[in-house]
Amino acid sequence: MKYSVKMRASKKIKDRQIHISGAERIVNEDHLFETVEFLQRRGMNHEKGSSDLIHIKIERIEEKDLLRLKALEVETLEVDTVQEGLENMKNILETFGLNSDYILNLFSREHHMRGAILLDVQNYQRLEEDFSRGIRVSYMDYEVFSKATLVKKDHFREALALATKTVYGPGVMGELCISDDPHYQTGYIATRQKYLRITKLKEWGSEKGIRIILFDSCKASKEACIDYLKNKKVLIIE
Ligand code: WAQ
Ligand code: MG
């Protein structure tokens, strides 16, 4: 039997609950208790400060509802400067026939969203119901349990799982990402062909973080895509 475990931690600042951290896993029953314990710890200790409210949600998952996907191929492009990183991103977007100026402009602004922008590449409209929140991609993890990644966030592994789920969504052609962690400069662009890491996509110390999911409304309905991203249970095989 498998379970989804989700944790989100927040802190009250001037009558508002501010998001501190969140994480989720899909694990076998025999790893359930340690997973809950580690996620609780992770919620309580975070560099953004200590939280005063932690939600932990545990849900049983039926085997028949699980989709298994092979992790995307990974490639790393080493660059010396942010400018060089962004130029590479621009070139890639152009080879896909996309409006790179529009997308990089979104990419380079600060957003502070919890979820991702869902961008229709047919007309460059944003399709999220709530622009300030975005779409949260959820219910994905690796098939094989790893304790190390429970204790400490592994940006790369978490992102690879999210990107693998995302790019197999109905109508999805790719995904771009920069971490909001001020000291994590590596970002990526993922398609079903590969997950391309670019080692500098923002300046050291910047809190800019964003995800943009590139969606083609000629290939699928927005409802089908959003439902898949939010609700489909996916296990990644390495
Ligand atoms: N669903 C949709 N969007 C999300 C989610 C999610 N589950 N989690 C985060 N985001 C959005 C949100 O707008 C954040 O501000 C932004 O992404 C960045 O989130 O190969 O750590 O969790 O080494 O800071 C990239 C790893 C790490 C690259 C990305 O993102 C590599 C990362 P963060
Ligand atoms: Mg972050």
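Note that ligands are numbered from 1 as they come in the structure, with each ligand's atoms numbered from 1 the same way. Keep in mind that this is a model prediction, so the values were computed, not measured.
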Looking at Asp180, which of its N, O or S atoms is the nearest one to the Mg ion (ligand 2)? OD1
pair Leu162-Arg211: side-chain heavy atoms closer than 4.5 Å: yes
Between Arg197 and Glu75, is the closest basic N to carboxylate O distance under 4.0 Å? no
Assess whether a salt bridge exists between Lys222 and Glu129, defined as any Lys/Arg side-chain N lying under 4.0 Å from an Asp/Glu carboxylate O. no
In terms of residue, atom name and distance, what is the protein heavy atom nearest to atom 18 (C) of ligand 1? Ile178 O, 3.4 Å
Salt-bridged, Lys233 to Asp65, with N to O below 4.0 Å? no
Which bit of Ala159 gets closer than 4.0 Å to ligand 1, counting heavy atoms only: side chain, backbone, both or neither? side chain
Is there a heavy atom of Lys153 sitting under 4.0 angstrom from any atom of ligand 1? yes
Test of understanding: given a 4.0 Å heavy-atom threshold, classify the contact between Cys177 and ligand 1 as side chain, backbone, both, or neither. side chain
Does either side chain, that of Tyr195 or that of Glu175, offer a donor lying less than 3.5 Å from an acceptor on the other one? no
Quick test of your reading of the model: are Glu62 and Lys64 salt-bridged, counting only N-O distances below 4.0 Å? no
Give me the atom names and distance for the closest heavy-atom approach of Ile103 to Ile212. O-CD1, 3.9 Å
Taking the basic N atoms (NZ, or NE/NH1/NH2) and the acidic carboxylate oxygens, is any pair closer than 4.0 Å for Lys219 and Asp216? yes
Donor + acceptor pair across side chains of Asp180, His112 (<3.5 Å): no
Looking at Tyr184, which atoms of ligand 1 are within less than 4.0 Å of one of its heavy atoms? 23 (O), 26 (C), 28 (C), 31 (C)
Check: Ser138/Lys165 side-chain N/O donor and acceptor closer than 3.5 Å: no
When you look for heavy atoms under 4.0 Å from ligand 1, do you find them on the side chain of Ile135, its backbone, both, or neither? backbone
Arg136 and ligand 1 - part of the residue with a heavy-atom distance under 4.0 Å: both
Does Met113, backbone or side chain, put an N or O under 3.5 Å from an N or O of ligand 1? yes
Around atom 6 (C) of ligand 1, find the nearest protein heavy atom and jot down its residue, atom name and distance. Leu162 CD1, 3.5 Å
Check each atom of ligand 1 against the heavy atoms of Val137 and keep those under 4.0 Å away; list them by number with element. 1 (N), 2 (C), 6 (C), 7 (N)
Does any N or O of ligand 1 fall below 3.5 Å from an N or O anywhere on Gly115, backbone included? yes
Which atoms of ligand 1 are found less than 4.0 Å from any heavy atom of Tyr195? 20 (O), 26 (C), 28 (C), 31 (C)
Can a non-hydrogen atom of Thr76 be found less than 4.0 Å from any atom of ligand 1? no
Check each atom of ligand 1 against the heavy atoms of Ala116 and keep those under 4.0 Å away; list them by number with element. 2 (C), 3 (N)
Need the ligand 1 atom indices (1-based, order shown) with element for anything under 4.0 Å from a heavy-atom of Arg197. 20 (O), 23 (O), 31 (C)
To check your reading of the model: name the closest protein heavy atom to atom 30 (O) of ligand 1, its residue, and the distance in Å. Arg211 NH1, 3.5 Å
Which of the numbered atoms in ligand 1 are below 4.0 angstrom from a heavy atom of Gly209? 15 (O)
Of the protein's non-hydrogen atoms, which lies at the shortest distance from atom 4 (C) of ligand 1, and what is that distance? Arg114 O, 3.5 Å
Any ion pair linking Arg68 and Glu63 (charged N to carboxylate O, less than 4.0 Å)? yes
closest protein heavy atom to atom 16 (C) of ligand 1 is Ile210 N, 3.8 Å
With a 4.0 Å cut-off on N to O distance, would you call Glu158 and Arg42 a salt bridge? yes
